[in-house]
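All residue numbers refer to positions in the sequence shown, counting from 1. Quantities reported herein were computed from a predicted structural model and do not represent experimental measurements.
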Amino acid sequence: MAAPATAEPTTHPSGVPAPEGSVDVTVKIQRFNPEQDSEPHWESYDIPALPTDRVLNLLINIKSYIDGSLAFRRSCAHGICGSDAMQINGVNRLACKVLVKDLLAKKGKTTITVAPLKGLPLLKDLYVDMEPFFEAYRSIKPYLIAYGNEPTRERIQSPADRERFDDTTKCILCAACTTSCPVYWADGTYFGPAAIVNAHRFIFDSRDEAAEERLDILNDAEGVWRCRTTFNCTDACPRGIEVTKAIQEVKRALLFRRV
């Protein structure tokens, strides 16, 4: 038996294919080309979108069919690589995880605003310089440190010891938490939530022997004490990490020097 015929997508006035069931939405994007612009500005695109589309699909359609100069990062499109973190309707999110159906207006036409992460140098459109973020990440020594002779077999760890830092192993370095922090906006020298989360991952690892070194690093004037517990970081994390809790645990470890 032949498969039932499916309707071919029509072409929207924007040039973007409009499959059956799509609705018109306006995507308002902050644009900036350093070769042409002195300041960022907003440009709007009226395009068709399925409720099951992700915001990343809309950006790809705009770049593919309307304006190939649109710049943004993306890679796996499955919420794992963290490349496509940006502000969507004013909130830090991964574009590949936000569904159009969750942004549709109850009445009238839907407008979706998309802007680059705040607090990092803007390079072009939605594309920011991640180097300050990774510099802070590298500074907390985000790798296992163990002294003495190398073991002849793997380092054994109990399930309970592994569970102690399980939550902070989920970080994908998207910078959504760090760039949602008002302290980081005001002072780019602050380590930021992501760096502290990744320090936590090793500070509380029973196999690691450099907890004191990392605690000394985070005891710096721009370290963990700059946190004002606004919970923006926890709200922004696409992996559901209890970021504020991890920061508080590092503070407690510093106060009592007990891991």
Side-chain angles (χ1 to χ4, degrees), residues 79-87 91-94 97 116-121 128-146 157 160-259:
I80 299 300
C81 72
S83 298
D84 60 350
M86 57 189 70
Q87 292 184 72
V91 180
N92 284 7
R93 294 287 185 261
L94 297 184
K97 292 192 71 174
L117 294 174
K118 189 175 180 180
L120 290 171
V128 296
D129 183 359
M130 295 286 287
E131 181 54 29
F133 171 80
F134 283 114
E135 183 180 359
Y137 168 68
R138 291 190 295 265
S139 70
I140 55 88
K141 301 182 179 181
Y143 42 83
L144 189 76
I145 298 175
Q157 187 171 62
D161 283 343
R162 176 60 171 76
E163 187 178 4
R164 179 67 185 83
F165 62 94
D166 182 70
D167 193 42
T168 47
T169 65
K170 301 172 186 174
C171 179
I172 56 174
L173 298 174
C174 65
C177 66
T178 294
T179 56
S180 72
C181 176
V183 177
Y184 190 79
W185 300 337
D187 183 358
T189 59
Y190 171 45
F191 280 85
I196 300 170
V197 160
N198 282 277
H200 177 287
R201 179 258 175 272
F202 290 100
I203 288 169
F204 293 96
D205 189 332
S206 61
R207 301 164 300 177
D208 188 87
E209 297 174 0
E212 289 295 328
E213 293 179 33
R214 296 191 186 87
L215 288 173
D216 285 341
I217 292 169
L218 293 177
N219 201 29
D220 183 86
E222 304 301 337
V224 71
W225 303 113
R226 294 299 306 279
C227 172
R228 294 297 179 263
T229 321
T230 63
F231 287 92
N232 282 20
C233 51
T234 299
D235 292 340
C237 179
R239 301 284 288 171
I241 299 171
E242 295 182 271
V243 180
T244 308
K245 178 183 177 183
I247 294 173
Q248 296 308 308
E249 289 182 349
V250 173
K251 286 181 177 180
R252 195 175 305 120
L254 268 169
L255 285 171
F256 299 101
R257 287 290 171 162
R258 184 173 66 247
V259 176

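Using a 4.5 Å heavy-atom threshold, the side chains of Cys177 and Val197 count as separate. Using a 4.5 Å heavy-atom cutoff, the side chains of Tyr190 and Ile196 are in contact. Within the 4.5 Å cutoff, side-chain heavy atoms of Thr229 are placed close to those of Lys251. Considering only heavy atoms from C-beta on, Thr168 stays 4.5 Å or farther from Phe204 through its side chain.
Summarising the geometry, atom CG belonging to Asn92 is positioned 11.0 Å from atom SG belonging to Cys237; distances are rounded to the nearest 0.5 Å. Separation of atoms NE2 (His200) and CG (Leu218) is listed at 11.0 Å; rounding is to 0.5 Å. Atom-to-atom distance recorded for Tyr184:OH and Glu222:CD is 11.5 Å, nearest 0.5 angstrom. Note that the NZ atom of Lys118 and the SG atom of Cys181 stand 11.0 Å from one another [nearest 0.5 Å]. Taking CD1 from Ile203 and CD1 from Ile217, the interatomic distance works out to 9.0 Å, rounded to the nearest 0.5 Å. In this structure, OG1 on Thr234 lies 9.0 Å from CG on Asn232, to the nearest 0.5 angstrom.
A donor and an acceptor atom, one from each side chain of Ser180 and Asp235, are nowhere located under 3.5 Å apart. Remark: the Asp220 side chain and the Trp225 side chain contain no N/O donor-acceptor pair separated by less than 3.5 Å.
Residues satisfying the side chain to side chain donor-acceptor pair (under 3.5 Å) test with Lys245, not counting sequence neighbours, are none.
Between Thr244 and Cys233 the shortest heavy-atom distance is OG1-SG, 3.5 Å. Nearest heavy-atom pair across Leu117 and Ala85 is CG-O, 3.6 Å. Smallest separation of non-hydrogen atoms from Gln248 and Cys227: NE2-SG, 4.4 Å. When all heavy atoms of Gly79 and Leu94 are compared, the closest pair comes out as CA-CD1, 3.8 Å. Summarising the geometry of Pro238 relative to Ile172, their closest heavy-atom pair is CG-CD1, 4.4 Å, with the distance given to 0.1 Å. Pairing each heavy atom of Pro193 with each of Val243, the nearest pair is CB-CG1, 3.7 Å.
Under the 3.5 Å distance criterion, the side-chain polar atoms of Asn219 are left unmatched by any main-chain donor or acceptor of Leu215. Between the Arg228 side chain and the Arg226 main chain, a donor and an acceptor come within less than 3.5 Å of each other. A distance-only check finds no donor-acceptor pair linking the side chain of Thr178 to the backbone of Ala175 [under 3.5 Å].
Remark: of the listed residues Arg164, Gln157, Arg162, Gln157 is the sole one forming a side-chain hydrogen bond (donor to acceptor under 3.5 Å, both in side chains) with Asp205.
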Side-chain donor-acceptor contacts of residues 128-145 below 3.5 Å, not counting sequence neighbours, with atom names and distances?
{"from": "Asp129", "atom 1": "OD1", "to": "Glu131", "atom 2": "N", "distance (Å)": "3.0"}
{"from": "Glu131", "atom 1": "OE2", "to": "Arg138", "atom 2": "NH2", "distance (Å)": "2.3"}
{"from": "Ser139", "atom 1": "OG", "to": "Ala136", "atom 2": "O", "distance (Å)": "2.6"}
{"from": "Lys141", "atom 1": "NZ", "to": "Glu213", "atom 2": "OE1", "distance (Å)": "2.9"}

